[in-house]
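Okay, structure first, notes after.
In what follows, chains carry the letters A, B, and so on, assigned in the order in which the sequence lines appear, proteins first and then strands, with residues in each chain numbered from 1. All values derive from a computational prediction rather than experimental measurement.
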Number of protein chains: 4
Amino acid sequence: MQFKQGLPIYRQIADHMSEQILLGHWEDGERIPSVRELAVNLEVNPNTVIRAYGYLQEEEVIYNKRGIGYFAAEQAADKIRGIKRKEFVVLRLPEIFKTLELLGIDMDELGKLFQNYKLRKEAS
Amino acid sequence: MQFKQGLPIYRQIADHMSEQILLGHWEDGERIPSVRELAVNLEVNPNTVIRAYGYLQEEEVIYNKRGIGYFAAEQAADKIRGIKRKEFVVLRLPEIFKTLELLGIDMDELGKLFQNYKLRKEAS
Amino acid sequence: MQFKQGLPIYRQIADHMSEQILLGHWEDGERIPSVRELAVNLEVNPNTVIRAYGYLQEEEVIYNKRGIGYFAAEQAADKIRGIKRKEFVVLRLPEIFKTLELLGIDMDELGKLFQNYKLRKEAS
Amino acid sequence: MQFKQGLPIYRQIADHMSEQILLGHWEDGERIPSVRELAVNLEVNPNTVIRAYGYLQEEEVIYNKRGIGYFAAEQAADKIRGIKRKEFVVLRLPEIFKTLELLGIDMDELGKLFQNYKLRKEAS
DNA sequence: GTGGTCTAGACCACC
DNA sequence: GTGGTCTAGACCACA
């Protein structure tokens, strides 16, 4: 896997996993890949995965059974969506709106850019 | 001034200054606050302001006259708006759109949230 | 059964069983649940129960008849109480007292909290 | 420094530091020892201190100024006392009371043990 | 100087 | 097998 810079790898892994859960790749309570397994897949150090999993565990998105592995939390998808949504609306949207205003992008134009985005996504 | 974490302070200062210029706080070619002055105001180390100014200088948003000070570039506002706009559309919008889709926020809802934002801003 | 983390599951099971014995759920020398039975009830691996029973056996709180099962020891309740009491006074109380002092909880207040605890317990 | 086993070293360091803050060793907002400094003092790896500090930061007991160091939070002592108190009363006291009942230790006896504890402490 | 991240590798307890 | 902790050491960005 390719990692961007500017955000720690462990956070990118955490984001990636919570996105996967959000998209329903695992059922509620289903076991997710073990630390070592994921570390090999992503070609990172197990410690880095542990850190990512620890982070998700604090957010109560996954939980741990000792000696067995990590599991997607009950209603993990809904919970994540709720948390992320609130976070997004409160923390990121205001700043995004401010930028839109400063740059003179209104909702009409944003809508068109969004259409564009979706078309390009379909094409790929 | 309060600084977020996750973005270097010097970048936050640079963003803040270019926002001010964008909003027309200084005419083209007008002198902007000196390094020391701004450092005192923002309660940061002068080195940090120097770095911020250096960054803005690379973006050709301000320029420096040795021994005199820093000045807003000609057509600084337009230049900034152009740069920032391209940056925003190419680098940040795709990720924002992806998040919107994941969280199930469509343009309608975003429009309403934007209205809200503007109302709250007026009120304050 | 729900297990806390911070203490191994097998220890939590052992504590739970010795508490049951302390409360007189089984007479001296009475047979306690088999490993498999308990494992199913608690939804844990039989190995974990074996470990818990082994631990209790070391403390001479239960004993084993090969091929038959595990039994509460003679005067098990008294024995447990003695062991636990010493353990508690020597190992845990000092730390508890230290915490009480740091938090500014005196014996008066502790007494009231204890009353509360007993009331809530009766109510449930 | 001597570390017990059963609780990770980084948690013991965190507990130790928050105890120090609770006891008023640092004023509100005063700088606490740097990661490296403390690591040398305690003869542990800097990573271990970072982890302890990260833990305290999540609890909002200390905060960080990048490139400068860690600082005791405003009203850190009161905040800690509040958090710890609630934690103690809700999470630990019920279990302690349960044990006291099981072992047949009443408030009178506990009071005497407490006196003992204080005497021994003064003597040392 | 400060903290933060990552890797590598060892060791442990637990299931 | 599982996760968790700790060490050692390198490297980086930031103030």
Using whole Å, report how far [atom1] of [X] lies from [atom2] of [N].
X	N	atom1	atom2	result
A:Glu43	E:dT7	CD	P	11 Å
D:Ile13	F:dT5	CD1	P	13 Å
A:Tyr70	F:dG1	OH	P	18 Å
B:Ile9	E:dT2	CD1	P	17 Å
B:Arg11	F:dA13	CZ	C1'	13 Å
D:Phe3	F:dT5	CZ	C1'	13 Å
D:Leu7	E:dC12	CG	P	19 Å
A:Lys65	F:dT2	NZ	C1'	13 Å

Considering only [options], which nucleotide approaches the side chain of [X] most closely?
X	options	value
B:Arg51	E:dG3, E:dC14, F:dC14	F:dC14
B:Tyr10	E:dG3, F:dA15, E:dC6	F:dA15
B:Asn45	F:dA15, F:dC6, E:dC6	F:dA15
A:Arg31	F:dT5, F:dT2, F:dA15	F:dT2

May I ask you to say what D:Ile50 touches in the nucleic acid, namely base, sugar-phosphate or nothing, with a heavy-atom cut-off under 4.0 Å?
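The residue D:Ile50 makes base contact.
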Determine whether more than 12 heavy atoms belonging to other residues, nucleotides or ligands lie under 6.0 Å from atom [atom1] of [X].
X	atom1	answer
C:Arg36	CZ	no
B:Glu30	CD	yes
D:Glu27	CD	no

If F:dC14 has a Watson-Crick or G-U wobble mate with both distances under 3.5 Å, name it; if not, just say none.
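E:dG1 is the nucleotide pairing with F:dC14.
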May I ask you to verify if any side-chain N or O of [X] is less than 4.0 angstrom from the OP1 or OP2 atom of [N]?
X	N	answer
C:Tyr55	E:dC14	no
D:Arg66	E:dG4	no
A:Thr48	E:dT7	yes

Taking for each residue the nucleotide of DNA chain F bearing the nearest heavy atom, is the 5' side occupied by A:Gln5 or by A:Val35?
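On the 5' side of the pair lies A:Val35.
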Contact nearer the 5' end of DNA chain E, comparing D:Gly69 with C:Pro8
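Final value for this comparison: D:Gly69.
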Main-chain N/O of A:Ile96 paired to B:Arg92 side chain as donor or acceptor, under 3.5 Å
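Such a contact is absent between B:Arg92 side chain and A:Ile96 backbone.
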Any side-chain to backbone donor/acceptor pair from B:Gln12 onto B:Leu7? Under 3.5 Å, distance only.
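Confirmed, B:Gln12 side chain pairs with B:Leu7 backbone.
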Would you say the side chain of D:Arg36 and the base of E:dG1 hold a donor-acceptor pair, judged only by whether the two atoms sit under 3.5 Å apart?
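Not at all, since no donor on one side and acceptor on the other fall under 3.5 Å apart.
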Record whether the side chain of A:Asn47 comes under 3.5 Å of the base of E:dG9 through a donor-acceptor pair of N or O atoms.
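Side chain to base: pair present.
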Residue that, paired with B:Tyr53, satisfies ring pair (Phe, Tyr, Trp, His ring centres under 6.0 Å) out of B:Tyr70, B:Tyr10, B:Tyr63
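When ring pair (Phe, Tyr, Trp, His ring centres under 6.0 Å) is applied between B:Tyr53 and each of B:Tyr70, B:Tyr10, B:Tyr63, only B:Tyr70 qualifies.
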